[in-house]
Amino acid sequence: MPEQLEIAQLGNPVLRKRTEGIPVPLRSPHLHLMDNMLFTLKNVNGVGLAAPQVYVSDKLLIIAPAPNDRYPDAPNMDSIIMINPHLKWLSPETEDGWEGCLSIPGLRGIVQRALSVEVSYTDTSGKSNNIRLSGFPARVFQHEYDHLQGMLFIDRVKSTEYLATEKEYIRIVQS
Ligand SMILES: [Zn+2]
């Protein structure tokens with residue numbers, strides 16, 4: 001049975017470290033980690049999760065854009081597990097949008113992100129893949145990819161005036 005993992009929060013040094021590449025083919029500790037991360041992500045209404053957020057400093061992330069209480073307008077997409085992802089291309093077109101982070105509960109911020117990205121990664125079967133993402137899934141990817149470099153969305157807001165608590169964020173988006 002997969003288990004619910006504890007989420008590291010802002011202030012823990014694991015969130016500020018650059019992650020290590022994962023040897024492929026995957027061995028059982030990483031396979032278990034992926035199962036547990038998927039399970040955890042579903043339980044906490046997240047749209048993405050990176051390994052440092054569960055105290056593991058490895059290059060592994062999941063993007064799982066789907067509508068939930070925290071992101072009601074998210075598109076419904078199958079989750080993608082990316083091992084050793086590499087950001088190959090960012091579109092010059094950008095978009096401002098609200099982000100939150102499971103590791104920074106209660107806070108939201110407006111972050112400028114590339115509208116589209118091209119990414120290469122290894123999948124769970126050890127195969128190399130290339131994918132192009134646009135819009136919300138591209139935003140989720142860029143957010144999770146930042147985690148692998150020890151970066152957080154609060155580092156990306158143009159100014160602290162672009163931060164809001166969850167309560168005020170709900171007020172803003174509902175107005
Ligand atoms: Zn995050």
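Numbering of residues begins at 1 and proceeds along the displayed sequence. All of these numbers come straight from a predicted model, not from anything done at the bench. As the structure lists them, so they are numbered: ligands from 1, and atoms in each ligand from 1. As a basis for the values below, the full set of heavy atoms in this structure was taken, side chains included, without hydrogen atoms, waters or symmetry mates.
Taking Tyr121 as the reference, nothing meets the ring pair (Phe, Tyr, Trp, His ring centres under 6.0 Å) condition, with sequence neighbours excluded.
At a threshold of 4.0 Å, the pair Glu99-Arg139 counts as salt-bridged, since one of the basic side-chain nitrogens sits closer than that to a carboxylate oxygen.
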task = Go through the steps to decide whether Arg113 and Glu95 satisfy the test salt bridge (charged side-chain N to carboxylate O under 4.0 Å, His left out), and finish with yes or no.
result = CA-CA 6 Å; Arg113 299 283 190 188; Glu95 193 174 54; over 6 Å; no
Would you mind writing out the side-chain donor-acceptor pairs for residues 27-39 within the sub-3.5 Å range, not counting sequence neighbours?
| unit_1 | atom_1 | unit_2 | atom_2 | d |
| --- | --- | --- | --- | --- |
| His30 | NE2 | Asp58 | OD2 | 2.8 |
| Asn36 | OD1 | Glu3 | N | 2.8 |
| Asn36 | ND2 | His32 | O | 3.4 |

For a quick test of your reading: what N or O donor-acceptor pairs under 3.5 Å do the side chains of residues 156-165 make, sequence neighbours left out?
| unit_1 | atom_1 | unit_2 | atom_2 | d |
| --- | --- | --- | --- | --- |
| Arg156 | NE | Asp146 | OD2 | 2.8 |
| Arg156 | NH2 | Asp146 | OD1 | 2.8 |
| Lys158 | NZ | Asp96 | OD2 | 3.3 |
| Ser159 | OG | Glu161 | N | 3.0 |
| Thr165 | OG1 | Glu168 | N | 3.4 |

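Side chains of Ser103 and Gln53: a donor-acceptor N/O pair is present below 3.5 angstrom, by distance only.
Around the Zn ion (ligand 1), the protein N, O or S atoms found under 2.8 Å comprise Cys101 SG, His143 NE2, His147 NE2.
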